[in-house]
2 protein chains.
Amino acid sequence: MRASSPERPSRGSGVPTPRRRRASGRGSAEHDGAPRGIPEASIARLPLYLRALVAMADRGITSVSSEELAGASGVNSAKLRKDLSHLGSYGTRGVGYEVDYLVYQISRELGLTQDWAVAIIGIGNLGRALANYGGFATRGFRTACLIDADPNQVGQRVSGLAVRHLDDLEALIAEHRVAIGVIATPAGAAQEVADRLVAAGVRSVLNFAPAVLTVPPGVELRKVDLSTELQILAFHEQRRVSAVAFEAAANAVVPDDVGDVIDAELGPVAPAASGLRV
Amino acid sequence: MRASSPERPSRGSGVPTPRRRRASGRGSAEHDGAPRGIPEASIARLPLYLRALVAMADRGITSVSSEELAGASGVNSAKLRKDLSHLGSYGTRGVGYEVDYLVYQISRELGLTQDWAVAIIGIGNLGRALANYGGFATRGFRTACLIDADPNQVGQRVSGLAVRHLDDLEALIAEHRVAIGVIATPAGAAQEVADRLVAAGVRSVLNFAPAVLTVPPGVELRKVDLSTELQILAFHEQRRVSAVAFEAAANAVVPDDVGDVIDAELGPVAPAASGLRV
DNA sequence: GCGCTTTTGTGCGCGTGTTCACAAACCCGT
DNA sequence: ACGGGTTTGTGAACACGCGCACAAAAGCGC
């Protein structure tokens, strides 16, 4: 189910068309030029809602309450309603939200009613996986070009697209009107690639390389960091073990310098070898 | 450079050994069983600091100020200091932090002084990329087993490891003492895999499947969502275009119902086709 | 037409995280 | 031994996001 019908969906059932956003209220209290200021946290959840809604639409569900949609998205229903209220007043009190209509509104807000050209730079393991990843993601994006610095990679076809050389980056960006650059290079090359992308006019960058990138203001930079995610999980595993050991230590002695106990007992010891799975 | 030296590093230079964490203060104000409550936001940044520190250590840098480290990590220096202060008082006023020592302390806090066994479930494009991704990530993790439901995949060797069948999941988890499960299956299979992982004793799950998973309390679930990241970027691209169109519309007419202008002018129109790159 | 039920939209208090700014602590030169 | 310069660690103000709880609105039955 594609979310691109521009005209208002005319309802077949007796459910009336929801009103458009209020003329009054805080919506118009924004600065000029910024139509409305949707909190970043809300924006980050819109894709979740959209995914759940599309799944519902595919199953033939036409109407949904905030409670149901919140459940399907794994969030609090009040949070969901507040998020949606930032887009406008698209629900019907006592009834809920019409699925198709909401899909369209969220898609429009996220800019998915048009296709954005994506360039993937760095066709290694990860880059190749991204290129092959079923049209990369959901609709709204088109993998326009694949770029790599390795001459052996250049010319190879990945997912129906020929890999081009890094030297042609600027020309390719211009030619394909690339809006989003995906960096999947080794860490060492990431900043240079980012600089060149920005210089070529790209203002949205998604970085998979394990490196801290800096971009000029006005350029949106997001990062996906696999090792960081793993390390955060490791922390929580570690903490579980620590907590147990700490409690045992605290029951045994009541030291005035707790830190040394932790250093001495928890550091060298490898408690997970046996106690990892409880 | 491995961060596993358990004993306090004895300094060769004239820089004195930093003091351990204070016996007094809020550190001991925590509940029993939870040695110290480090904010989640701080934890998420520790891997960043660690990466920057390791890079510095490799370059032979032995001492670093909060300002320098913050710059290398792309964060505010005050935030960095507060984050580090949650671990203890590991700096020297007027001097800075000793790189090796801080690497060890952060590694220990993150539980990286031991290797955690990781299982990857779903050896498709992404799973294969993750398996090949240079030891998966930084040190501290060991890819213990690869699991897939497709009989054609089973037996294939990926990155030196034979792919095993999903039926053996529970046995493999137990055998390898897997602590972290990485889900790279299609969305439809993700929840079932998660349930089986949890039932088998895994309490840390990293989900790459585009699905909302629910796990019982006590299980740590993190997700990496490629399409969501793209869609967030698309939003900002869209907003740039919107802002321009909005301003133009606002200058042309001054309606009492601004919403209709947005709907009528911004919805159907495809401004990016020509104006995508300005 | 009217009250009853349901569900949205939101005002408000609360907790968490961020940032500023400064005192305390430390090194070093004299 | 001591004062000057530097950098950490942290108190306090601020900003932001979350969730409760409720009023407003819509549909429905009688």
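All chains are named by letter (A, B, ...) in the order of the sequence lines, taking the proteins before the strands, and each is independently numbered beginning at 1. We use all heavy atoms of the structure for the numbers below, so side chains are in, but hydrogens, waters and symmetry mates are not. Everything numeric in this text was worked out from a predicted model, so none of it was measured.
Proximity of residues 211-221 of chain A to DNA chain C (heavy atom under 4.0 angstrom from any strand atom) is not detected for any residue. If you check residues 65-75 of chain B against DNA chain D, the residues with a heavy atom closer than 4.0 Å are Ser65(B), Ser66(B), listed by number.
One atom, CD1 of Ile43(B), and another, P of dT16(C), lie 13 Å apart when rounded to the nearest Å. Atom P of nucleotide dT16(C) and atom CD of Glu40(B) are separated by 12 Å, given to the nearest angstrom. Atom-to-atom, CG of Asp83(A) to P of dG17(D) comes out at 10 Å; the value is rounded to the nearest Å. Tyr49(A) has its OH atom 13 Å from the P atom of dT8(C), to the nearest Å.
A ring-centre distance under 6.0 Å is found for Tyr90(B) and Tyr101(B).
Checking the phosphate oxygens (OP1, OP2) of dG9(D), a side-chain nitrogen or oxygen of Ser89(B) falls inside 4.0 Å. A close approach under 4.0 Å does not occur between any side-chain nitrogen or oxygen of Tyr90(A) and OP1 or OP2 of dT7(C).
Here salt bridge (Lys or Arg N to Asp or Glu O under 4.0 Å) pairs that include residues 207-219 of chain A, with residues two or more places apart or in two chains, number zero.
For the salt bridge (charged side-chain N to carboxylate O under 4.0 Å, His left out) test, no residue two or more places apart in sequence or in another chain qualifies with Arg81(B). Every residue two or more places apart in sequence or in another chain that forms a salt bridge (charged side-chain N to carboxylate O under 4.0 Å, His left out) with Glu229(A) is listed here: Arg222(B).
Residues Ile106(B) and Leu50(B) have side chains in contact (heavy-atom distance under 4.5 Å, counting atoms from C-beta outward). Side-chain atoms of Lys79(B) and Lys82(B), non-hydrogen and from C-beta on, never get closer than 4.5 Å to each other. Between Leu112(B) and Gln231(A) there is a side-chain heavy-atom pair separated by less than 4.5 Å.
Between Gly94(A) and Pro39(A), the residue anchored closer to the 5' end of DNA chain D is Pro39(A), taking for each the nucleotide with the nearest heavy atom.
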Nucleic acid footprint by protein, nucleotides 19-24 of chain D - heavy-atom cut-off 4.0 Å, B for base, S for sugar-phosphate alone: BBB--B
